[in-house]
*Asks:* 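If you scroll down you'll find the structure; I have some questions about it.
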Amino acid sequence: MKKILALVLSLALITVFFAGCKPSEDPKSSKTPTQSVQPVTPTPISTPKPPFCKDNVLASETAFGSVVRAMKELSVPYDPKDAMLVWKTIFFAASYMQTSKTMISAFPGDNITISESEILFLYSLCFKNATDIPEMPTGFTDIVFNKTDKTYTMAFLSPMKNKVEIGEIKENADSCFFNLKLLSDDKAILSNYIVTLVLNTNPKTIEWCPLVVAGVEAAK
């Protein structure tokens, strides 16, 4: 009996010994484990493919609205090499820019000053395939070049004469096109055009004018 009692006592001491050798638990581990959350990979924002037509045609009226008004006033076709058309278009586009951009410190008939960089910017919006801006033609008086500070001065034109009415917008892989009517104040149709726009690839100006003019044709 004594042997049995001694054996039981020995087993008890061994159990206590190994229990004391058990590593202490991290206090944090005693807390209720939280459910692991897998990191969510954000869905990449895909860049819309050109030409963004449905949402951006109206935002680009500065470009095509200026071109068709100049074509109508001069009775000429769309031609980036036509100096008179180019500068008449820039004249209209500058008025657009002042109306929408500066909101407005000038009034009709007031003179406004435009920088050389703004002139080139407007030119690039209205004549996509053009490279060098033609020299201002002799006899063109709507804009005056100031040689001293290399700026341009023109009379502020607002509101725009005539209105534009845009037809159904269609698009293909790299451009969009639509019929445009130039209307008089009493909504009489003055001219019909087919306007072709492409994506503005200049990251500095795309937000201001997302589409640029690639061509304008007279329509019946």
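These values consider heavy atoms only, across backbone and side chains, with no hydrogens, waters or symmetry-generated copies. Note that the numbering runs from 1 along the sequence shown for the chain.
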*Asks:* Heavy atoms only: give me the nearest Thr62-Ala93 pair and the separation to one decimal.
*Replies:* CG2-O, 4.0 Å
*Asks:* Go through the steps to decide whether Leu211 and Cys176 satisfy the test side chain to side chain contact (heavy atoms under 4.5 Å, CB included), and finish with yes or no.
*Replies:* CA-CA 9 Å; Leu211 302 171; Cys176 66; 4.2 Å; yes
*Asks:* Before you tell me yes or no, could you show the steps for Thr151 and Glu116 under side chain to side chain contact (heavy atoms under 4.5 Å, CB included), namely the whole-Å CA-CA distance, both residues' side-chain angles and the distance that decides it to 0.1 Å?
*Replies:* CA-CA 6 Å; Thr151 59; Glu116 191 170 31; over 6 Å; no
*Asks:* Specify the closest pair of heavy atoms between Ala219 and Ile194, including all atoms of both residues, with the distance to one decimal.
*Replies:*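 That closest heavy-atom pairing would be CB-CG1, 3.7 Å.
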*Asks:* Do Met84 and Leu74 touch side chain to side chain, with heavy atoms closer than 4.5 Å?
*Replies:*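 Met84 reaches Leu74 side chain to side chain.
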*Asks:* Using the side chain to side chain contact (heavy atoms under 4.5 Å, CB included) rule, take Met154 and Asp142 through it: C-alpha gap first, then chi angles, then the decisive distance, then the call.
*Replies:* CA-CA 6 Å; Met154 57 170 276; Asp142 292 330; 6.0 Å; no
*Asks:* If you apply the rule side chain to side chain contact (heavy atoms under 4.5 Å, CB included), what do you find for Leu190 with Leu183, and how did you get there?
*Replies:* CA-CA 5 Å; Leu190 301 175; Leu183 306 176; 5.9 Å; no
*Asks:* For the backbone of Leu58 and the side chain of Glu61, can you confirm whether one donor and one acceptor N or O come within less than 3.5 Å of each other?
*Replies:*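 Checking the backbone N and O of Leu58 against the side chain of Glu61, no donor-acceptor pair under 3.5 Å is found.
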*Asks:* Which value, rounded to the nearest 0.5 Å, describes the distance between Leu199 atom CG and Ser175 atom OG?
*Replies:*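 With rounding to 0.5 Å, CG (Leu199) is 11.0 Å from OG (Ser175).
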*Asks:* For Ala214 and Val198, which heavy atoms make the closest approach, and how far apart are they?
*Replies:*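 Heavy atoms only, the tightest pair is CB-CG1, 3.9 Å.
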*Asks:* Which heavy-atom pair separates Met71 from Tyr193 by the least distance, and what is that distance?
*Replies:* CE-CE2, 3.7 Å
*Asks:* Supply the atom-to-atom distance Tyr78 OH to Thr196 OG1, rounded to the nearest 0.5 angstrom.
*Replies:* 9.5 Å
*Asks:* Hey, are the side chains of Tyr123 and Val86 touching, using non-hydrogen atoms and a 4.5 Å cut-off?
*Replies:*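 In short, these two side chains touch, coming nearer than 4.5 Å.
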*Asks:* Is there a donor-acceptor contact under 3.5 Å from the side chain of Asn146 to the main chain of Asp149?
*Replies:*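 Not a single qualifying donor-acceptor pair exists.
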*Asks:* So, do Tyr152 and Trp87 have ring centers that fall under 6.0 Å from each other?
*Replies:* yes
*Asks:* Is the distance between the ring centroids of Phe178 and Phe64 under 6.0 Å?
*Replies:* yes
*Asks:* Specify the closest pair of heavy atoms between Val68 and Val216, including all atoms of both residues, with the distance to one decimal.
*Replies:*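 Answer, listing the atom of Val68 first, then Val216: CG1-CG1, 4.0 Å.
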*Asks:* Say you draw a straight line from CD of Glu217 to CG of Asn192; how long is it, rounded to the nearest 0.5 Å?
*Replies:* 13.0 Å
*Asks:* When you compare the side chain of Asp82 with that of Val76, does any pair of heavy atoms fall below 4.5 Å?
*Replies:*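 With C-beta onward as the side chain, the pair touches.
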